[in-house]
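Just so you know, residue 1 is the first one in the sequence shown, and it goes up from there. Because the structure is a prediction, the values reported are computed rather than measured.
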Amino acid sequence: LKFEQKQQVARSELTLRAGEWRLEGIRLQNGSIVPLESKELEDARDAVLVLVYVDEEVRERKRRRIIEDWGLDDTWTVMVRYRLSGDQVTARRADGRVFLTKFEVACAKDKEAIEQIRPAAEKRTKEIEALLNWCKTGQLWEFEVQELPAISGLYREHGQCYAKVQCLDDSQPIQVRRKDGGFEWQFFDGDNKLLAESTLESPFANQKLKVAEDLLEARGETLAGDAISSRIASQLSLCFGSCCRFCTRNRSARPRSEPQTLTRSEEIKGKVEEKADKEARFDARLRELEERRSNAPRSLLEMTRCMLEKLKALQKTTSEMCDEHLPKPLLQKQVLRIGTMCSGTDAPVLVARALERALKPEGSQLAFDHVFSVEFDSRKQEFLKANFPECPLLFRDCTQMGRKRALEVLSKKPQDVPGNLDILVAGFSCKDLSMMNSYRKTLQEMGQSGSTLRGVLDYVERYRPKLVLLENVWAIAKSNSIGFRQVELVLEGLKARGYAAGYRLMNSCDYFLPQIRHRIWMWAIRISETSPASLEESKVLREKADFATSQVESRYNDLLVALEEPCALHFEDYMLDDDHPRVKAHFQWMKSKERKAVLKKRRGAKQDWLEKYDSHRTRNDYQYDRPYTSVRDSDFLQVLNEREKELIDLKCLDIMNEQGKDPRVVPMLWELSQSVERVPGVRVRRDRQNYATCILPGMLWHSSRHRWVLGIEKLALQGIFAEDLKDIDFPEKLLGDLAGNAFTTSVCAANLIAILCCSAVLV
C-alpha cells in the first residue's frame with residue numbers, strides 16, 4: 001500500500017476529496033489528538049493534521065438507506081460489506097434468520113402475512129361452505145338501500161328473524177326483527193342500535209324504508225336455486241379487506257375482475273386471435289413506414305432540418321402567442337466552444353456543423369468552435385487528424401484531462417488543458433458495463449469504464465463547462481440486486497459538482513436511422529460557476545441541483561419526445577452495390593487473409609465453440625443440415641472461417657424453424673463475433689426487421705448479399721456519412737471499429753438541441 005501511494009504521489013494522483021475524508025484533529029508531539037479550537041495549539045510548534053477516511057460513515061449511510069428502502073425496523077441488524085462485484089448486504093432478523101436481497105425480505109413478509117390471515121381465512125371458508133349447503137334447501141333475500149349501504153346485502157332466515165350474511169364481506173352484523181306489538185320490521189346493528197324500520201309486512205320488498213325522519217328508496221328480491229350460486233360468486237369476486245403488497249402497489253384502485261373459466265379450445269382461440277391482432281398491427285406499421293420511405297430524410301443535414309421543423313411545431317402548440325419561431329438560444333449570435341472525449345469519430349462536431357448549417361436559413365448566427373478532442377487509440381487519432389484538421393488540440397488520455405497540462409498528440413508534448421468550454425460531449429468507456437461482457441465491473445471497481453468516467457468528472461470539476469452530454473450503454477441504468485443503478489452514481493457526481501443532471505434511454509431507430517441501438521444519454525447544466533469549497537457548501541449546492549433538475553427534466557424529456565421520428569428507411573438504403581469497387585476490394589482482401597477459426601478454449605470458458613455448436617444442433621435436432629453453406633464453389637465461403645460457417649448454418653436453421661423465413665432471401669444483419677446463444681440480429685420484432693442490429697466493433701454479416709458489411713456502411717447506419725467527412729481512405733476494419741464505438745448522430749443532434757433549449761430555463 002505504501003508503494004502504491006508513492007506511485008500515486010509521483011503521478012500527482014493522490015488527492016483528498018470532499019466527502020471522503022474528515023479532519024479529526026491535530027496530533028501534538030506527545031501523541032495526543034486535540035480539536036482545532038483547543039488552547040493547547042497556541043504554544044505548539046510542530047503539529048500533524050489527522051485526517052480520517054469516513055469509511056464507517058459511508059457504510060452507515062448505506063445501511064440506513066437499505067433499512068429505509070427495504071422497509072425494516074430497529075429490530076433488524078444490517079451489515080454492508082465491500083466486494084469487487086458490488087456491495088454485499090446481510091440483513092439479520094431478530095429471530096436470527098438472514099436475508100441477502102430485498103426480494104427475500106419481501107417474500108418473507110408476504111409469507112408471514114399469509115400465515116396471519118390463514119386462521120381467519122379457514123374460518124371464513126367453512127362459513128361459506130355451510131352457507132352453500134344451507135342454500136340447497138333454503139333461500140336468500142337480496143336487499144339494497146343506496147343511501148344506507150350498511151344494511152345492503154344478502155339475508156337469510158335465523159329463527160324468528162333474519163340475519164345478514166357476513167361471510168361474503170367485512171360488513172357489520174345486521175339483524176331484522178319484528179316490531180313489538182306490530183307487523184313492521186326493524187333493522188338493528190351489532191350493538192342493538194335501531195337503524196331503520198320497514199313500512200311493509202315484508203322486510204325485503206320494494207318499499208320506502210323509514211330512517212329517522214326520512215324515507216329512503218329500498219329494493220329487494222328473493223333468490224333461489226342457481227341465482228344464489230351466481231350471486232355468491234359475484235359477491236366473492238369483489239375486493240374487500242386488506243390488500244397484499246402487490247395489490248397495494250399496483251392495483252389499489254382496480255376492482256377484481258369477474259372470474260372466468262375458459263375451456264382449452266377457448267384459450268387456444270384467444271391466443272390465435274391475439275397473435276392475429278399483433279400481426280395486423282405489425283403489417284399496418286410496415287405499410288406506414290413503406291409509404292414514408294421515399295420521402296424520408298437520408299442525410300444528417302436533412303434530419304437536423306426535420307428536427308427543427310418539429311421544434312417549431314412544438315413551440316406553436318406550447319407558446320401562448322402561437323409562435324412558430326425557434327427558441328432564442330438557437331437564434332442568438334454566439335460562438336459555442338465545444339470539446340469531445342472518447343467519441344472516436346467526433347460525431348458531436350459533425351452534428352454541430354449540421355446544426356449550424358440548418359439554422360442559417362432561419363436567420364440564426366449560432367456557430368461552434370471545435371476546441372479539443374481526446375482519443376487514446378493511435379489509429380483513430382489518424383482518422384481525427386484527417387477529418388478535423390481545424391481542431392488545434394488532440395489529447396491522448398481522458399484520465400489526464402482533470403490536470404492543468406496533459407500530453408497532446410499533434411505537438412507530441414504536454415499542453416495546457418483548455419477551459420472556458422460551453423459544451424462537453426463525452427462517451428466514457430462501456431467495456432466494463434456492457435451486457436455482452438461476461439466479466440463486467442462496476443464503476444466503483446475503477447476498471448476502464450470507471451477510470452475514464454473519473455477523468456471526465458475531474459475535468460468537469462476543475463474547468464466547469466456550461467453544458468455536459470454523456471453517453472453509455474443501456475446497462476448502466478440496469479439496477480442490481482439492491483436496486484442501485486450505475487447511472488445514479490454518474491448523476492450524483494454531476495450534482496455534487498453543481499450541475500442539474502438527468503438521463504434518458506434512447507433508441508436510434510426512433511430518430512431517423514434504421515438501427516436498433518439503445519443508449520443512455522446523460523445531460524448536465526451548470527448552476528454554479530465555482531466548485532464547493534466546503535462540505536456545507538457542497539450540501540447546499542446539492543440541494544440546489546436537485547431543485548434545478550426538477551425544473552428542467554420534464555422540459556428536456558418533452559423535447560426529446562417531440563423530436564422523435566420513427567425511421568422509415570431500410571438498412572438496405574445505406575448498403576453499397578455489390579459491384580462497387582470498395583466492396584470488391586474488401587472481398588479480395590478478406591479472401592487473401594485465409595482466416596482460420598480459433599480452436600483453443602478461452603481461459604474460464606466451460607466449452608469451446610465446437611462443443612457449444614454441437615450441443616445446439618443436438619438440442620434442436622438439426623442433424624447434419626447446412627442450408628446456407630452447402631452451395632458448392634460459392635465465393636462467399638472463402639471469406640468465412642469454419643466457426644463462422646457453422647454459426648451461419650445454425651442461425652439460418654433457427655430462423656427457418658422459428659420465424660418461417662429464409663435468410664438467404666430476406667436481408668438480415670448478423671453479428672457473428674458472438675456465441676451461438678446470443679447472435680444480435682437474429683431475434684428481431686417483425687415490424688423492426690428493416691432495422692439493423694446494434695452496430696458493434698465486431699463482424700457484421702449480410703445474410704442475403706452473402707458478404708461482410710463494410711466499415712463505411714456501418715458508419716452510415718450511425719448517421720456518419722461520407723459526404724460529411726473529408727477523408728475516408730482508411731481500412732474497413734478501422735472504420736467498423738469507429739462505427740461500433742461512435743455516437744448515433746441523429747440522437748446526438750436531438751440531445752444537443754434539447755440541452756441548448758433547456759439551458760435558458762436556468763439562466
Side-chain angles (χ1 to χ4, degrees), residues 7 10-13 335-353 368-431 447-463 465 468-472 697 711-712 715 718 720 722 724-743 745 748:
Q7 295 296 317
R11 297 194 300 265
S12 301
E13 291 183 358
V335 178
L336 299 179
R337 291 164 54 85
I338 185 171
T340 66
M341 293 186 187
C342 305
S343 68
T345 57
D346 263 352
V349 180
L350 299 178
V351 170
R353 291 176 181 173
F368 294 89
D369 179 22
H370 189 185
V371 179
F372 69 85
S373 296
V374 182
E375 180 52 57
F376 187 81
D377 193 319
S378 59
R379 300 171 303 160
K380 297 178 181 178
Q381 291 171 2
E382 296 300 321
F383 177 87
L384 295 179
K385 291 178 188 177
N387 287 282
F388 303 94
E390 74 283 357
C391 181
L393 297 171
L394 175 58
F395 293 99
R396 180 176 180 272
D397 195 349
C398 175
T399 61
Q400 299 178 359
M401 295 303 290
R403 306 175 185 176
K404 184 178 181 181
R405 296 166 64 84
L407 181 63
E408 201 269 330
V409 175
L410 300 178
S411 62
K412 298 182 180 179
K413 60 182 181 181
Q415 297 285 354
D416 291 340
V417 176
N420 194 25
L421 207 63
D422 292 298
I423 306 172
L424 173 67
V425 187
F428 56 96
S429 174
C430 63
K431 181 178 179 181
Q448 188 172 343
S449 298
S451 300
T452 52
L453 172 62
R454 176 181 174 181
V456 173
L457 293 180
D458 286 347
Y459 180 88
V460 170
E461 183 173 8
R462 181 163 189 168
Y463 295 102
V468 180
L469 286 175
L470 304 178
E471 185 254 22
N472 214 292
I712 193 67
L715 285 174
Q718 283 279 57
I720 303 170
D724 298 321
L725 299 172
K726 293 181 171 63
D727 187 1
I728 56 173
D729 189 17
F730 290 91
E732 296 296 336
K733 178 172 175 53
L734 174 60
L735 295 179
D737 289 344
L738 285 165
N741 293 310
F743 301 152
T745 55
C748 183

Chi angles and distances behind the side-chain contact (heavy atoms from CB on, under 4.5 Å) call for Arg462, Lys404: CA-CA 9 Å; Arg462 181 163 189 168; Lys404 184 178 181 181; 3.4 Å; yes
Checking the side chain of [X] only, and the main-chain atoms of [Y] only, is there a donor and an acceptor separated by less than 3.5 Å?
X      : Y      : result
Glu732 : Ile712 : yes
Glu375 : Cys342 : no
Asp422 : Arg337 : yes
Gln718 : Ile720 : no
Asn387 : Asp727 : yes

Is the shortest heavy-atom distance from the side chain of [X] to the side chain of [Y] under 4.5 Å?
X      : Y      : answer
Asp724 : Arg353 : no
Leu725 : Leu350 : yes
Leu470 : Val468 : yes
Leu384 : Cys391 : no
Phe372 : Met341 : yes
Thr399 : Arg454 : no
Leu735 : Phe383 : yes
Glu408 : Leu394 : yes

Search all heavy atoms of [X] against all heavy atoms of [Y] and return the closest pair with its distance.
X      : Y      : result
Val409 : Arg396 : CG2-CB, 3.9 Å
Ala386 : Phe730 : CB-CZ, 3.9 Å
Leu393 : Pro418 : CD1-CG, 3.4 Å
His370 : Thr340 : NE2-OG1, 4.4 Å
Pro697 : Asp737 : O-OD1, 3.0 Å
Val425 : Pro348 : CG1-CG, 3.5 Å

Over 12 non-hydrogen atoms of neighbours within 6.0 angstrom of [atom1] in [X]:
X      : atom1 : value
Lys412 : NZ    : no
Phe376 : CZ    : no
Lys385 : NZ    : yes

side-chain contact (heavy atoms from CB on, under 4.5 Å) evaluation trace for Gln415 with Lys413: CA-CA 6 Å; Gln415 297 285 354; Lys413 60 182 181 181; 3.6 Å; yes
Tyr459 and Phe395 aromatic centres sub-6.0 Å: no
If I take atom [atom1] from residue [X] and atom [atom2] from residue [Y], how far apart are they, to the nearest 0.5 angstrom?
X      : Y      : atom1 : atom2 : answer
Asp369 : Leu421 : CG    : CG    : 9.5 Å
Ile338 : Phe368 : CD1   : CZ    : 6.5 Å
Glu471 : Asn741 : CD    : CG    : 9.5 Å

Salt bridge present between Glu382 and Arg379 (N-O < 4.0 angstrom): no
